[in-house]
Amino acid sequence: MSDSETMPQAAVPEAPGSALALPKEALEIASGYAFTGPALDLGALLWDGACLPDAQVRIPLPMLNRHGLVAGATGTGKTKTLQLIAEQLSAQGVPVFLADIKGDVSGISAPGARNDKVQARAADVHQEWTATGFPAEFYALGGLGHGIPVRATITDFGPLLLSKVLQLNQTQEQSLGLIFHYADTKGLELVDLKDLRAVVTFLTSDEGRSELKNIGGLSTATAGVILRSLTAFEAQGMAGFFGEPEFDTNELLRTAEDGRGMVSVLELPAVQDKPQLFSTFLMWLLADLFHDLPEVGDADKPKLVFFFDEAHLLFHDASKAFLDSITQTVRLIRSKGVGVFFVTQSPKDVPADVLAQLGNRVQHALRAFTPDDQKALKATVRTFPDSAYDLEELLTGLGTGEAVVTVLSEKGAPTPVAATRLRAPESLMGPIEAGALDEAVRSSPLHGRYAQAVDRESAFEKLNASRGAKGPDEMKARPRKAEQKEQPSVVEQVVGSGVFKSLARSLGTQIGREISRSVFGTARRRR
């Protein structure tokens, strides 16, 4: 049972010297968080340097799909805040997605360790702390690292997201979109990088140049740039992130047998030096969920809360089309029951149109050592509602595990700004051992569905067959052919939801279903 179910609602204490002796402003702040429905407990109110443990700062559970921001300088406790919120969401039956950039979130699956710091924090905020582990699945992009492999087909990833990964300019991005359109209309499914490379190579060849003219506005020179970018990208070892079986994002919506929400942890330490790649893959996961989920309107609790860590990487050097797509996805996915929290150092890292949609804010300390820091601090203060605090002074003086909070009330109105001493997570605040992590991955029911890559006929094979290419280049590009005899049976592959999704999409192309593309350029097939 979560603390939100056992602790009393935020109320005005009546003991001598407590809230009755506080200034009127502090009483008004406390009353702004006295929600009557289910809520997550963040911590206790701070006022004039004192912690008021009976004045709890909370987030109404139904408002978690109204999106949020967790921000603050390095080392201020953002990761622990994510862990705290994720635990309580899971306890209330809400699945959670977390991107683990540094490898220190895996501890959410194991009970925490009681120590003097944890006990002191629990006493400060009147938390009934109990060491608790939460149900978790661990994933890894392309299987690089500790986790169930997460792959996407090139067709479904789409030209807009791939352009971000390849760092193409606006003209090249538009040209890549034309190449995808050509492949879509010709039934050339782009499963992996060699498929896309084969299509671009064909279009720049003597026999393909006439096709190039027919798709409009694509120059041979631009196609050549795209081809070189693909070749360089593949040479960096990126091929494994694209292919089949494609990950079914509905896996992120599961609950455990005991009714708690599953915490899906994407382990990213092995690719943390490839920020463009992993940040764009996170956006693909979110966009795919958006396309698949039905409208639900305002629900009692979210279907999923998605924490988008290192969010500044997503927006850095992004094209206008890319930013517009992010804004539209974030705006509309709320009605499908998905809440998105962006996690970054400063609110300035998030474009204004996106920031305006983030109603729940947890702002950890900011540093103000340089003129640029001072400017960022003033800009951050302007993003908050009017406050009873001197926010410039407060934000530079917060300790680790303290934050400035404002959320949406049960009626959808912003709550008063509250300086908050945050609760301690009940799970392990650090990584679990690599052996335990690997064992959790191998024992997962999803492991058999996604662990083994599958290489079937797609654009590369079709184009080579049509040109009569049977030489060594084809054999070299299909290194897994000999291994396919050891693959699970076709029936076993189809039973796995991820494989079934990929095969169904392939079948749709082969029998002539039309591929249309979403606002984010990811594939959507009209049946």
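FYI, the numbering just counts along the sequence from 1.
Counting non-hydrogen atoms of neighbouring residues, nucleotides and ligands closer than 6.0 angstrom, the CD atom of Glu295 exceeds 12 such neighbours. Taking a 6.0 Å sphere around CG of Asp273, one finds it holds more than 12 heavy atoms contributed by other residues, nucleotides or ligands. Within a 6.0 Å radius of CG in Asn115, other residues, nucleotides and ligands contribute more than 12 heavy atoms.
Expressed to the nearest 0.5 Å, how far NZ of Lys336 lies from CG of Leu289 amounts to 10.0 Å. For the atom pair Gln374 CD and Leu377 CG, the distance stands at 6.0 Å (nearest 0.5 Å). Atom CZ of Arg331 sits about 12.5 Å away from atom CD1 of Ile326, to the nearest 0.5 Å. One finds the CZ atom of Phe35 at 6.0 Å from the OG atom of Ser409 (value rounded to the nearest 0.5 Å). Rounded to the nearest 0.5 Å, atoms OG1 (Thr344) and CG (Asp309) are 8.5 Å apart. Thr522 OG1 to Leu285 CG: the interatomic distance, rounded to the nearest 0.5 Å, is 11.5 Å.
A donor-acceptor contact shorter than 3.5 Å links the side chain of Arg121 to the backbone of Leu422. Distance alone, capped at 3.5 Å, places no donor-acceptor pair between the Asn360 side chain and the Leu64 backbone. The backbone N or O of Asp41 sits less than 3.5 Å from a side-chain atom of Gln88, completing a donor-acceptor pair. Panel note: side chain Lys301, backbone Leu61; no donor-acceptor pair is recorded below 3.5 Å. Here the side chain of Lys303 pairs no donor or acceptor atom with the backbone of Val338 at under 3.5 angstrom. One N or O on the side chain of Gln127 and one on the backbone of Ala424 form a donor-acceptor pair closer than 3.5 Å. Of the possible polar contacts, none joining the Glu426 side chain to the Pro111 backbone as a donor-acceptor pair under 3.5 Å is found. The backbone N or O of Ala440 lies less than 3.5 Å from a partner atom in the side chain of Ser443, making a donor-acceptor pair. When atom types are taken as modelled, the side chain of Thr406 and the backbone of Thr415 share a donor-acceptor pair closer than 3.5 angstrom. Under the 3.5 Å distance criterion, the side-chain polar atoms of Thr329 are matched with a main-chain donor or acceptor of Ser325.
Between Ser264 and Val96 the shortest side-chain heavy-atom distance does not fall below 4.5 Å. Using a 4.5 Å heavy-atom cutoff, the side chains of Leu266 and Phe281 are not in contact. Between Leu193 and Ile154 there is a side-chain heavy-atom pair separated by less than 4.5 Å. Proximity of Pro347 to Gln363: side-chain heavy atoms (C-beta onward) are separated by under 4.5 Å at one or more points. Looking at Glu433 and Leu437, their side chains never come closer than 4.5 Å, going by heavy atoms from C-beta outward. Between Glu137 and Leu446, some side-chain heavy-atom pair lies under the 4.5 Å cut-off. Counting only heavy atoms from C-beta outward, the side chains of Val125 and Pro53 never approach each other to under 4.5 Å. Using a 4.5 Å cut-off on side-chain heavy atoms (C-beta onward), Lys78 and Thr81 make no contact.
Side-chain contact, Thr327 with Asp353: no donor N or O sits under 3.5 Å from an acceptor N or O. Residues Gln276 and Lys164 bring a donor and an acceptor atom of their side chains to less than 3.5 Å of each other. A donor-acceptor contact closer than 3.5 angstrom is absent between the side chains of Glu244 and Thr153. With 3.5 Å as the limit, one finds a donor-acceptor pair spanning the side chains of Asp288 and Thr249. Thr74 and Gln345 share a side-chain donor-acceptor pair at under 3.5 Å.
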TODO: Apply side chain to side chain contact (heavy atoms under 4.5 Å, CB included) to the pair Phe138 and Asp100, showing each step before the final yes or no.
DONE: CA-CA 10 Å; Phe138 299 98; Asp100 187 5; over 6 Å; no
Open item on the list: Show, in sequence, the C-alpha distance, side-chain angles and deciding distance for Ser458 and Asp195, and conclude whether the side-chain hydrogen bond (donor to acceptor under 3.5 Å, both in side chains) test is met.
Closed with: CA-CA 7 Å; Ser458 49; Asp195 288 322; 2.8 Å; yes
TODO: With side chain to side chain contact (heavy atoms under 4.5 Å, CB included) as the test, would you mind laying out the steps for Val343 and Leu82 before giving the verdict?
DONE: CA-CA 9 Å; Val343 186; Leu82 303 190; 3.6 Å; yes
Task: From CA spacing to verdict: side-chain hydrogen bond (donor to acceptor under 3.5 Å, both in side chains), Glu189, Thr155 - done: CA-CA 6 Å; Glu189 190 162 20; Thr155 284; 4.8 Å; no
Task: Test side-chain hydrogen bond (donor to acceptor under 3.5 Å, both in side chains) applied to Ser427 and Gln83, step by step - done: CA-CA 8 Å; Ser427 56; Gln83 195 167 339; 2.8 Å; yes
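The heavy-atom pair separating Thr132 from Thr130 by the smallest distance is OG1-O, 2.9 Å. Of all the heavy atoms in Glu251 and Tyr450, the pair that sits closest is OE2-OH, 2.7 Å. Closest heavy-atom contact between Val118 and Ala113: CG2-O, 3.9 Å. For the pair Leu366 and Ala73, the tightest heavy-atom approach, listed with the atom from each and the gap, is CD2-N, 4.3 Å. Pairing each heavy atom of Pro431 with each of Gly103, the nearest pair is CB-O, 3.1 Å. Summarising the geometry of Pro95 relative to Thr255, their closest heavy-atom pair is CG-CG2, 4.4 Å, with the distance given to 0.1 Å.
Using a 4.0 Å cut-off between charged side-chain N and carboxylate O, Arg197 and Glu234 make a salt bridge. Salt-bridge formation is detected for the pair Arg66/Asp298: a Lys NZ or Arg NE/NH1/NH2 atom is positioned less than 4.0 Å from an Asp or Glu carboxylate oxygen. Salt bridge annotation for Glu128-Arg423: absent, with no cationic side-chain nitrogen under 4.0 angstrom from a carboxylate oxygen.
Stacking of Arg361 on the aromatic ring of Phe384 is recorded, both the 6.0 Å distance cut-off and the 45° axial limit being met.
Within the structure, the salt bridge (Lys or Arg N to Asp or Glu O under 4.0 Å) test picks out the following pairs touching residues 373-384 (sequence neighbours left out): Lys378-Glu392.
Between Phe308 and Phe306, the two ring planes are tilted [angle within 30° to 60°]. Note: Phe242 and Phe157 have perpendicular aromatic rings, judged against thresholds of 30 and 60 degrees for the angle between ring planes.
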